[in-house]
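Everything below concerns the one structure shown next.
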Amino acid sequence: MQVGVIFPQTEIEPDPSAVRDFAQAAEDLGYSHIFIADHVLGADPSFHPERPAFATYNHKAVVHEAFTLMGFLAGVTSRVGLTTGILILPQRQTALVAKQAAEIDVLSGGRLRLGIGVGWNDVEFEALGEDFHNRGRRSAEQIAVMRALWTQEVVDFQGRWHNITHAGINPLPVQRPIPIWIGGGGSGAAGPVDAVLRRIARLADGWCPSIAADAAGKAIVDRVRTYSEEYGRDPDALGLDGRLRIAGKQPEDWMGEVKAWEEMGATHLSVETRRGGLTTADQHIEVMRRFKDVLDG
């Protein structure tokens, strides 16, 4: 199981040196990947009380633009993987995302894993001029378009939402195609909705769910494996990136969760240092170091 770390978007200094130090420390400590969140706009919660998530991701929260950030990280690192976790695909133009992702893959030497999802922030969709209500259905076609653009010099594609008439991107990515992982969000104990789980099973190279490594989480993983078989796919070939929040827990708790994710079949694990009162890159790096010492010990 590969162990990476979540970039603490909202809890780190926004200056380039802090971003560089965090990324280089993650690489030097042997973390496999850096997991990068995505928001284009932050809404003012005083005008949008209906969304509890705006308490964290709002107009005051620092969130770097994902592709620009990864371009910077590609230049200051050489080995660590770069992963979007997750990029809100249907609020963006598909061909432009394909072009940007291909460029990051080229600049990083093939280190990109594109995690995508449909999102929850209707305020962002409205501002970016995209339809919030058909985002799931559109995302499936977007995946097909991107894979075509990443693997063919010239694409001729006519779909429900996309029309490309004999055109292509250049340079093509190193990875052809770039791996696409799908986020599995959801609220409460129910976890991700069934349509998302089926989309993962049918289309994704892997998935990064927001679930716990417990009996309820295992049941969700088992559903995805069953759906994969229904679609004629090998469930063992589907990657799984779990999440481990280390704040407020003891080392024995960390290792218990690592073992639980391994038993659930996780191929990757993303460690989160946020939500522990940290505010600087140095503080996050120290916690990352402590966790790695325990993991490797």
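Positions are given from 1 along the sequence. Because the structure is a prediction, the values reported are computed rather than measured.
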Does K292, at its NZ atom, have more than 12 non-hydrogen atoms belonging to other residues, nucleotides or ligands within less than 6.0 Å? yes
**OP:** Answer whether the closest heavy-atom distance between the side chains of P90 and Q142 falls below 4.5 Å.
**Re:** yes
Just checking, is any N or O donor in the side chain of N163 or Q158 under 3.5 Å from an acceptor N or O on the other one?
no
- Task: Can you establish whether the number of heavy atoms outside E262 located under 6.0 Å from its atom CD is more than 12?
- Result: yes
> Is the shortest heavy-atom distance from the side chain of F22 to the side chain of I12 under 4.5 Å?
Replying inline: yes
Side chains of R138 and T94, donor plus acceptor under 3.5 Å
no
| In terms of the angle between their ring planes, are F132 and F125 parallel, tilted or perpendicular, with boundaries placed at 30° and 60°? | perpendicular
Checklist line | Distance-only polar pair, side chains of S32 and H268, donor-acceptor under 3.5 Å | finding: no
Testing the 3.5 Å rule here: is there a donor-acceptor pair between the side chains of D15 and S17? yes
>> With salt bridge (Lys or Arg N to Asp or Glu O under 4.0 Å) as the criterion, how do K60 and D44 come out once you've worked through the C-alpha distance, each side chain's angles and the decisive distance to 0.1 Å?
In response: CA-CA 8 Å; K60 293 185 178 180; D44 185 343; over 6 Å; no
Check for me whether R233 meets the cation-pi criterion with Y231, that is, NZ or CZ under 6.0 Å from the six-membered ring centre and within 45 degrees of the ring axis. no
ask   = With the 4.5 Å side-chain cut-off for hydrophobic clustering, are V123 and I88 part of the same group?
value = no
Would you say P179 and L114 make side-chain contact, with heavy atoms under 4.5 Å? no
query = Between H33 and T83, does any side-chain donor sit less than 3.5 Å from a side-chain acceptor?
reply = no
So that I know where these two stand, are Y57 and W120 an aromatic pair - ring centroids less than 6.0 Å apart? no
Closest heavy-atom pair, L41 versus N121, reported as atoms and distance to 0.1 Å, is O-ND2, 4.0 Å
Practice problem: Take I143 and I116 through the side-chain contact (heavy atoms from CB on, under 4.5 Å) test and state the conclusion after the steps. | Solution: CA-CA 9 Å; I143 290 171; I116 62 100; 4.1 Å; yes
Next item on the list: Identify whether V154 and I164 are in the same connected component of the hydrophobic contact network (ILVMFWY, side-chain heavy atoms under 4.5 Å).
Entry: no
Can you tell me if E153 has over 12 outside heavy atoms packed within less than 6.0 Å of its CD? no
Q: Run the numbers on F35 and E272 for side-chain contact (heavy atoms from CB on, under 4.5 Å), then give the verdict.
A: CA-CA 9 Å; F35 192 89; E272 183 171 13; over 6 Å; no
Would you kindly say whether Q9 and H64 are connected by a side-chain donor-acceptor distance under 3.5 Å?
no
- prompt: Near K259 NZ, under 6.0 Å, is it more than 12 heavy atoms from other residues, nucleotides or ligands?
  reply: no
